[in-house]
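Scroll down for the structure; my scribbles are underneath it.
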Amino acid sequence: MLRGRRRMECTLDAQSLISISLRKIHSSRTQRGGIKLHKNLLVSYVLRNARQLYLSERYAELYRRQQHYPDGAPLLAMPAACPPPAAAAPPELAALPLPADAQDREARSCAAARGGAELLEGPVCAAPPELQRAPCRDSSPAFYRAAGSAGPGGGGGSSAPPGLLYAAGCDFASGGAPHCSSRTTVLDLDTHVVTTVENGYLHQDCCSQCPCCCQPAPGLASPPPAPGTKRKYYPGQEEEEGVEEGEPGGGGVAGGPPFAPCTKRARFEEYSAEHPQDSSNISNLISIFGSGFTGLVSRQQADSEQPLNGQLCSKQALASLGAWTRAIVAF
Amino acid sequence: MAGVAGGGGGNDFQWCFSQVKGAIDEDVAEADIISTVEFNYSGDLLATGDKGGRVVIFQREQENKSRPHSRGEYNVYSTFQSHEPEFDYLKSLEIEEKINKIRWLPQQNAAHFLLSTNDKTIKLWKISERDKRAEGYNLKDEDGRLRDPFRITALRVPILKPMDLMVEASPRRIFANAHTYHINSISVNSDHETYLSADDLRINLWHLEITDRSFNIVDIKPANMEELTEVITAAEFHPHHCNVFVYSSSKGTIRLCDMRSSALCDRHSKFFEEPEDPSSRSFFSEIISSISDVKFSHSGRYMMTRDYLSVKVWDLNMENRPVETYQVHEYLRSKLCSLYENDCIFDKFECCWNGSDSAIMTGSYNNFFRMFDRNTRRDITLEASRESSKPRAILKPRKVCTGGKRKKDEISVDSLDFNKKILHTAWHPMENIIAVAATNNLYIFQDKIN
């Protein structure tokens, strides 16, 4: 906290800015008077700006490594470095509590955000075997348009239709180094369809009442809920609105190995989409902040951060993204 | 009417300290922090609201012939608890009792009326004086106890006797349950019958007599909250045209709406926005462009907006850019990082016009406040401090040193106290009297004619 007399010099890199912003959003939940929509909206803009810079730096670094290892050398992403997710992580993909009462849309978004936010609590790092399985190849924008058409509105390309999040048309070059798969799971708030994108392949899960109609990837199959997770959504089950369970502050994620801090001084740069060989996780992040608030109620940014430089960039704050998404849409 | 004070000789007038209200000690109770200041239409009454939900009204004393130099002072007229903390059980939310805004109604009879609002509920208060008391009731004693009917042997007519002046505040209307989000503005219409209340996403129109119903006239809530990109930050009715109002947004835009054109004013009649300067883009561009206050000029020809670093005056007939821009504390632009860290960047400064619209005033940090003369283009920085609080002491202009050698009497940016912020100021509607809220103290300054 800046006191009156301290020097005001302050240079923050993008990561610090991100963690400060997340902390603000998290602490806004406990402030008197409820969550301030205006302030959180502004903080989200800072978050987006910082993320754009952070990503552009990552891209630049990735591109440089590509130059050094043109033969598609082993994974840059080391899932082995990332401890297998706690049992809590996969269940949360299925555990998306939604209030049965759809009258109050705000509360629905709120609880959905809370539920969706759980996905962030465990960095969903796929087990190593999965990595080898499917290089990021053979996907075209059609894949994602398919996701879009299954959603409420068919928006393809780079703009996420309401309540649906997917990667902006990501061009996977075959020579690209495969990366740690990161799953992006999207909950459509209108149809309650859960869509999971993994390794460029699309899985579409119906709501949990008919798990048989989908082919969940390993790890996605509905496992028993770990203790401490939120209530699951079963259609027809009455859900109490507005009741929050005690949640551990900051998400309490078992973080990965200490992150490698960005050594470069942050510069604000426009994100350039000229690094298509990167995997869906990068473009997922882009689409997250593609338009204003869109995508802030989303999940799994923490794990998306992982594979970028071979080490987990999972700062405590990034790992606690669950908390901030719960906070930011509580209306 | 004269404009702002000059720093040296040969100017019209200078600002002098007049009074300060509030506790002196360093330990400031959060509940005592002033959250709104407002003169009434005549300027005789000055109302303040604080974070504890209380309203304090000061009244200007009549001019005293024996002390011609001290113009009418403001003394406490009434104090009452307007709002209490509440708890929304459905959403598990606490509702703060902090008074966000006070707006006076034009006076129509002996009593005074004002609207005060917290985050969720607006109340209409009647402040009336009682200086007579009836005595000699038949059915009850002087202390109010009922008399035994059998004891009554004679009839008498009660008579009115003078008593010590008592000022009573009573809530006459409570306008509740109309806002899902936090109320940031209320504005009384020039028809004196209706008023608007605005929260982050909606604006409602009320009739002062009707509490169980309000009309929603603006709704910017997107179908999907994930698509939210901006919120309403302030709203105000036009001072003369009862069908026109404006509202500002967190994106730095202002929309002027005409209620005659449609019932729901989602489509604006005019859209005011200044294109962003791409060279000044930063992490915090969105935050500092968010408008924290919008005020029509008394004439109704102009409006003024306050964002984090500047004040802009707009001509209602020109939408693509403001006609005047005044930098309040440009030296903070390179410090936005720190200000973001300590949350100061989210401070919502207000602004106000003087009675003739020739000058504007707004607050800053270190208990500084700034005035801009629109005619001479001169500006001045003054400080509200206990040190310069001698009766009728002339305020000395302050200066912030932005770099290089610091001159004597200048203060460097790094020495500014960001906990001392002046968010709320008010200018008397007709005279050069200003009220400046500095945390828990209310300073009143007047001009001193040379």
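Reminder, nothing fancy here: chain letters follow the sequence lines and each chain counts from 1. Values reported hereafter were calculated over all heavy atoms of this structure, with side chains retained and with hydrogens, waters and symmetry mates removed.
Judged by distance alone, the side chains of B/Glu86 and B/Asn118 never bring a donor and an acceptor atom under 3.5 Å apart.
If you measure heavy-atom distances from B/Thr233 to chain A, the contacts under 4.5 Å come from the side chain alone. At a 4.5 Å heavy-atom cutoff, the contact between B/Ser290 and chain A is made by side-chain atoms alone. Neither the backbone nor the side chain of B/Tyr365 comes within less than 4.5 Å of any heavy atom of chain A. With a 4.5 angstrom heavy-atom cutoff, B/Leu201 touches chain A only via side-chain atoms.
Residues satisfying the side-chain hydrogen bond (donor to acceptor under 3.5 Å, both in side chains) criterion with B/Tyr331, sequence neighbours excluded, are absent altogether. Not counting sequence neighbours, B/Glu410 has no partner by the side-chain hydrogen bond (donor to acceptor under 3.5 Å, both in side chains) test.
Under a 3.5 Å cut-off, the side chain of B/Asp307 and the backbone N or O of B/Ile291 do not form any donor-acceptor pair.
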